[in-house]
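Before any comments, here is the structure.
Residue numbers start at 1 and run along the sequence shown. Given the structure is predicted, the values throughout are model-derived calculations rather than measurements.
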Amino acid sequence: MSEEANPETDVMATAATPRRPRSVEDDEDSRSLDVKVVGVKSESESEEYEEFEDKPTKGEVIGWCFYELCSYFTHTVLLTIVFPLIISQSFGSEPLQPARGWYTNGKGRHICTKKETLLFEALTYARVKVGSMKFSPLEWTSISWFFGLIVAAPLLASVSIHLDHRRNSHVMAGIATAIGAIFCLPAGAIKTVWIMPPYVAAIVASNAVGSAFHNRHLGLMVRGFVGSTIRKLQFPDRQAVSSWLSLYATAGGCLGSAAIASFTYYMLRNSEGFISLWVVSIFSGILWFAGIAHILTATRSNGNESSYNNDRVSGSHFISIFKYPHAAGSLVGVFLSSFSTMSIFTGGLLYIVGQLCVPPKDLLFVWLTYFFFPLLVLPLLQPIQKLIRSDAVKMQIFGFLLSTLTSGMGFYHRHESWHNSHILFFAASQSIASGVLHAYSRILLMDCAPSGNEGVFAAWFSWVRMLGAFVGFAIGSSGTGNINRSFGTAFAAAIVGIVALIFSNVSSYGGAVAAGHVHKRRETGSPVRGSDDIVNAKGKGDSEEPQDRSIEV
């Protein structure tokens with residue numbers, strides 16, 4: 001192309017060639033279109049903006065959200081509510097030495113029914129004997145959860161290699177999910193507490209593997225919508241797409257949790273408590289097993305075909321995340337967010353049951369508020385985020401602020417009598433915090449995951465999230481309904497999370513640049529990217545029509 005090419009003709013040629021949506025960076029460059037630039041893009045630079053992947057279909061997106069509906073409840077309801085209740089009902093007699101009076105709470109201000117008192121005492125009274133030690137059903141659940149994390153660690157290390165460098169990784173994820181769902185079915189077949197640790201460990205490990213596959217697929221779908229490499233000021237478009245997917249999936253997960261929680265409340269009303277809870281576990285396993293439909297149909301390639309069947313992949317692949325400081329730093333936020341939300345949920349639930357003696361119907365309203373309120377609020381956050389141009393880090397800070405509001409106010413007013421309006425307000429605000437922290441913590445980590453390595457990053461996210469939930473559950477369930485410890489530690493964790501996100505170098509954009517998702521503007525060479533695009537469009541516009549990458553968000 002000669003130096004005297006007509007700019008008007010070039011602009012017409014570019015307009016006739018379908019392109020991705022223009023970024024602000026292009027608008028800035030268009031101010032200098034009168035500058036004549038000589039040169040053509042190199043082949044590698046041209047391919048950088050011409051690589052497209054298959055755009056996810058509506059069925060693929062719906063299936064991805066459906067899996068969250070079928071699996072999110074495993075650590076929010078099944079492990080935290082159903083299994084501790086099953087363990088508490090495994091004993092043939094009532095507690096011999098109750099921790100407090102039968103009909104009044106520890107403060108003596110609330111009248112408790114005998115059924116409520118027995119339920120609380122069964123959960124908190126230490127009757128599981130291991131040598132000279134005794135554990136309550138809540139503590140026994142925590143021990144079983146810890147064993148599951150130990151099993152999940154090497155399993156995820158092996159699975160991450162298959163997710164990134166082997167074909168048919170969805171088969172392994174499907175098998176793991178099926179095993180976890182099957183272990184839910186016989187949870188009440190043998191009425192003994194000793195059978196629960198292997199059950200819980202298998203469910204924790206299976207959920208970790210399924211979650212790793214599920215969150216990895218988020219990174220693949222985002223690449224399919226916006227492309228593997230974008231320009232700097234197109235990054236808000238990537239954030240909008242990932243937020244749209246993650247928020248709606250989290251809302252679907254809350255719907256599944258509400259269904260299991262409501263079913264648990266309904267079955268607790270029956271006189272056969274143990275058998276009724278076993279039915280809840282069976283129903284949970286069936287719902288979880290239904291999520292395999294998404295795993296078996298989600299065969300999207302990771303875009304790195306040359307890595308498939310690569311037998312030279314070393315075991316160090318699992319620790320490759322630490323080569324990316326933004327990704328490694330984001331794991332701190334994942335742990336703190338999961339820890340704080342679980343500590344508040346567990347400690348608050350035990351407090352309103354054991355100390356405030358909330359009637360069963362009011363307890364159901366609390367559960368429904370906690371799990372249904374995000375269904376209304378989370379979808380509204382995506383257009384707000386797009387309007388204020390907020391990234392995943394800022395949205396996580398917003399979630400931590402809500403957690404400090406809930407835990408701080410609850411801790412400050414711990415010596416006062418809470419009314420139903422106060423409890424519902426705390427449940428609503430904390431439910432938003434929990435949904436926001438979960439949705440945007442995985443967005444941040446997927447922004448930091450290089451193309452073709454989403455599997456190992458998703459595996460770390462899954463394990464660290466379960467670790468944080470385990471620590472939060474262990475602390476929240478200690479103290480027999482006293483919220484001093486659970487709310488105090490949750491408040492401190494949220495403050496640390498805010499400080500870490502603000503003053504550290506972790507950022508969505510920086511992580512995306514380091515991962516190669518964002519092409520930074522070159523300091524040398526052509527100062528006008530618009531001219532280069534025009535030259536490249538004339539060279540390729542007539543030969544191949546790029547796909548439409550647009551999406552309504």
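- Two residues are said to be in side-chain contact when any heavy atoms from C-beta on lie closer than 4.5 Å; L349 and I81 meet this criterion.
- Centroid-to-centroid, the aromatic rings of W460 and F318 come within less than 6.0 Å.
- Test I321, V456, N215 against F461 for side-chain contact (heavy atoms from CB on, under 4.5 Å) and you get one pass: N215.
- For an aromatic pair to be called close, the ring centres must be under 6.0 Å apart, and H214 with H217 fails this.
- Side chains of T346 and S477: a donor-acceptor N/O pair is absent below 3.5 angstrom, by distance only.
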task: Show your working on side chain to side chain contact (heavy atoms under 4.5 Å, CB included) between R216 and S169 and close with a plain yes or no.
output: CA-CA 11 Å; R216 163 188 175 266; S169 59; 4.2 Å; yes
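- With F283 as the fixed residue, the ring-ring contact (aromatic ring centres under 6.0 Å, His included) test singles out one of F289, F263, W288, F73: F263.
- Annotation: W145 is in aromatic contact with F473 [ring centroid separation under 6.0 Å].
- No more than 12 heavy atoms of other residues, nucleotides or ligands lie within 6.0 Å of CZ in F147, so this atom counts as exposed by the packing criterion.
- In this structure, CD1 in I344 is found 11.5 Å from OG in S431, a value given to the nearest 0.5 Å.
- Aromatic ring orientation, F487 versus W418: tilted (interplanar angle from 30° to 60°).
- Atom CZ of F135 sits in a crowded spot, with more than 12 heavy atoms from other residues, nucleotides or ligands closer than 6.0 Å.
- Between F411 and F491, the ring centre distance reaches or exceeds 6.0 Å.
- The minimum heavy-atom distance between L79 and T141, with the atom names listed, is O-CG2, 3.4 Å.
- Counting non-hydrogen atoms of other residues, nucleotides and ligands closer than 6.0 Å to CZ of F146 gives a total of 12 or fewer.
- Two residues are said to be in side-chain contact when any heavy atoms from C-beta on lie closer than 4.5 Å; I203 and F83 meet this criterion.
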